[in-house]
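Beneath this line is the structure, given in structure tokens, with notes to follow.
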Amino acid sequence: MESQTHGFISTRTPLSGGASVAAGGEQAFLEARAHLVDDVHQRILAPGRVGAVLLGGEGSGKTAILRVVAHRVSRTHHVVRIWASKNASAEPYRAIASLLAELETEQARHPLTLLQGIRTLLAEQSDGRPVVFAIDNAEYLDPESATIITRLVSGGGASVLIAAESLRTVNESFSDLWRNGELERFDLPSLTRTEIRGIAEAALGAPLSPQAVEAAWRSSEGNARFLCAALEELPQSGLILHRGAWVVAGPTAAVAGSPRVPAPVRDRARSALGALHARELRIVRALAFAGALPAAVVRRLASLPGGPSDAPVPEPARAATEAAHLDALQPLTVQNRGEGATTVSLASRLFAAAVREQTTAAEASELYLLLSGGPVGAFDPAGLDPMLHAEWLLAAGLPVPADLSLAAARRCTFAGLADRALFWASRESDDSPERLLEAARAALAAGRGEEAGAFSARGRAASAGASTATAVSLLILASRAARLVGEVPAQRQALLEEADERLVSAGREPGSTCMTGQQILEHRGELTIARAEEASFSGNYQVAADMLQGADRAGWTPEQAVLGTGLLCVALAVTDGQHAAVGLADSLQSEIAREPSFSRRTLDITRLRIAAVRYAAGHAGEPVPGPGVEGRARPSSAAADIILDSARGVASALQGRPDQARALLFPVARQLELQDPYSLLPLVAAALAYSSAEAGALGAAIGYLPLAQAGHAVPRAAHAFINQIQVCSAGLRESQVETAAKLGHLAEAARGEGAWWLEMSHRLAQVRAGDSRAATALAGAAARVEGIYAASCELYAKATSTGDVELFAQAMENAELAGDSRFARECAAQALQAAQLSGTRGVLKGIQQRARLLFGDTADLELGAALERLTKREREVARLAAQGESNRSIAVQMGVTVRTVEGHLYQVYSKLHIRARNELADLILAGAR
């Protein structure tokens, strides 16, 4: 039972205006917040307290949650719904007007008789059920209505469910209830990226790539209403539906680091700016363009006249004036206290982007000239982030100095904004080697090998008078670009040799080359890393490991040290140093989590290498270090999620979880078709083809095969893995003998390279494809490899050779610990089959118990193991007998004599170690279930 009062919102109202998007989005939002809905509902029902208060900003979804909870509560309570509005907040008793309309005139004349009259009315309406007031926008509740409601609540006549932005803004009587412990508080956090993905996919009806999720987060900052608005504005957002998945088609904003601003944010910004004093407006605009300003500069701006009609502040009143303006800006700003001076920034990057949109070029120019012209104290524009500094000048229509545009390009490359870096690096017409070097770096970061090679070639041609440092960097970049486009190894090596010669020459005469001793050491480190990359890329893993283990790292930058350690991790993991590789990977994870000054590309490449190492060592189920705390702003971090989803998806495909693999990898593949800076698409597509074929979707599997062709930019280890997945995919359609032979060839190639882990992987697939003769080779390869996964492979190989039940069981347990459930279940099936063959019931029972501890219900495994031992005719007889068919009926169906059926059943009973038809039925029908 429900009563409706002023402003009641229908339960069918979506979170925003577009029903087509918002209907599915609201349902997904409520599913994501289901635990919160349950908690609030239980609080309302629980005795001893008077209710709950939902706190969250505008658009956080508190109204939707209040509505759902109120609807649930209405099954057992009488619910009085109130929607307070700002326009009616000054009108006495306006919020409970519908209740007053039911009272006699005399009852409404005095507060005491009014309270008693409402109490009596509610008792009549509720018919003995408890009463709950559900109040939305409680900050706008008129004081008189609030007093009546709190008196009813305090007197035990009702409970209350409140939605408001803050406890500070609601009537003091409600705050008192919370302070007294009678009202429980529930704060609504921002939506996480995981929740945003679920909401967006429900609203749009298709999966989102990690880049698309990141774009949605940046355009909403976790606000449900802003998210729905952003989804409704997809044509302007840079997101497109590409072959069944939503992906980012290009840069998601024209300005580096700027999110797409949805309409509700623009409206809120317009309203907020219109309510500010001229000086406050100037401060907000300055912070929007600068990102952050010293607190002293912000205070000075608060005291400067905001326009011709704004009189200067007398010195005695200056401090008070500054404080008053800064206090007014508190809801919009945050103070950041670092090691140096305190700085001030806007609390929301999305709001800052909206402010920039609503600032004209003339206003931006006037503001910049004011700040840089001297009267604002010690402010120096050179202290701004060069990327934001250059963008400010561009928006203001002011000249951008060449050195600033170059610095902006470097900053954009560092932040992972390759397209914007190319914009700034290419903006000037001069062909200076330094500018061409930065353009080559940006192109390489975007995965554009030909473009990077062209920039580096122009830079080398123009570097006759350039510093040795620039020349060496151009040569190293040229070798990396050559690798990306498939130039022969000799050509790539020649470029690195030339770089080495230049560094050797610089070391002999450091003063004449414009390189300091430290610069020489840093470039020597860069060259060592480039050589190790080349060796690892070509499959010379031991050479790479020896090179990095023996390198003198004196003078290396922290970023170079991380890159070198990541390369060493992979080399050790692929050869025979998995324990050391995992230890280094753990230290790398801590390092990149602790150090904020690494470039986005370094972070992404390191995460990719950590994921590869963990898979090789049997730690695939552990999380790869992510790009940061969910909900916090982070520049261009979607690549990290692509790496994480790729690693998990490929592992899922290989470990027998095709549905999970396809869910993870499908949107990733669609995004990589458009943007693939790390050459992940062939591996992802191969895993998709394999998991699709396993799931019976052969058409989809065939469609992925062209994308799974390893190109020039794919490293040798990934190339070998792709080949293995492709062979296994084809093995689902061709003979096991042919598949096993192909896998054997791959294993021999890996063995020749000293890639023992790759050989082990290929040999394992070969044995699982039915070639038991390869078990000895598998045991030998696995013995060279460290880690729990290698141990499971070695045990499996020995068990295959000997038929030992215990070895199969140990292989099963080790494989499950390593995260490969499919391999573990295969080992379990073979352990059960071997135990059944042994004819020893105690052995069989022990294996069954151990398998059930790992997998729960093992009926299907036991059935498979049992039936594997029967001939085709015996299986058919066993199936019909288990279904209750008589021997005569079976004989008629199969076209044989009853004696033949009896003979088959005798063999079935003997092989399965059972004595009667009912035992056969228990075994086969339980497995079928």
Contact between [X] and [Y] at the side-chain level, heavy atoms closer than 4.5 Å - yes or no?
X: F598; Y: E591; value: yes
X: L444; Y: L484; value: yes
X: V767; Y: Y796; value: yes
X: S646; Y: L683; value: no
X: L764; Y: M760; value: no

Test item: side-chain donor near acceptor, S432 and D430, under 3.5 Å |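 Yes, D430 and S432 have a side-chain donor paired with an acceptor closer than 3.5 Å.
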Establish, from distance only, whether the side-chain atoms of H579 and E786 form a donor-acceptor pair under 3.5 Å.
-> no
Could you list all the salt bridge (Lys or Arg N to Asp or Glu O under 4.0 Å) pairs where at least one residue sits in residues 540-559, not counting sequence neighbours?
->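 Not a single pair qualifies under salt bridge (Lys or Arg N to Asp or Glu O under 4.0 Å).
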Sequence neighbours excluded, every pair satisfying salt bridge (Lys or Arg N to Asp or Glu O under 4.0 Å) that has a member inside residues 525-534 | R480-E526, R480-E533, R483-E533, R483-E534, R492-E534, E497-R531, D500-R531
For M387 and L417, what are the C-alpha separation, side-chain angles and deciding distance, and is it a side-chain contact (heavy atoms from CB on, under 4.5 Å)?
-> CA-CA 10 Å; M387 179 174 68; L417 302 166; 3.8 Å; yes
Locate the shortest heavy-atom distance separating A425 from R435; write the atom from each residue and the value.
->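 Minimum heavy-atom separation between A425 and R435: O-CG, 2.9 Å.
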When you check the gap from the basic side-chain N to the acidic O, do [X] and [Y] get nearer than 4.0 Å?
X: R670; Y: E673; result: yes
X: E391; Y: R420; result: yes
X: R601; Y: D604; result: no

Do R458's NZ or CZ and the ring of F455 fall within the cation-pi criteria of under 6.0 Å and 45°?
-> no
Assign the ring pair Y615 / Y789 to parallel, tilted or perpendicular, where the plane angle (0 to 90°) is split at 30° and 60°.
->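 Y615 vs Y789 ring planes: tilted.
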side-chain contact (heavy atoms from CB on, under 4.5 Å) evaluation trace for L758 with F721 | CA-CA 8 Å; L758 285 175; F721 228 79; 4.1 Å; yes
Evaluation steps, side-chain contact (heavy atoms from CB on, under 4.5 Å), between E451 and L422 = CA-CA 11 Å; E451 197 172 345; L422 276 171; 3.9 Å; yes
Begin with the C-alpha distance, continue with both residues' side-chain angles, and end with the deciding distance and a verdict on ring-ring contact (aromatic ring centres under 6.0 Å, His included) for Y704 and Y690.
-> CA-CA 9 Å; Y704 292 125; Y690 182 52; over 10 Å; no
Could you go through the side-chain contact (heavy atoms from CB on, under 4.5 Å) check for L527 and V472 one step at a time?
-> CA-CA 9 Å; L527 181 58; V472 169; 5.7 Å; no
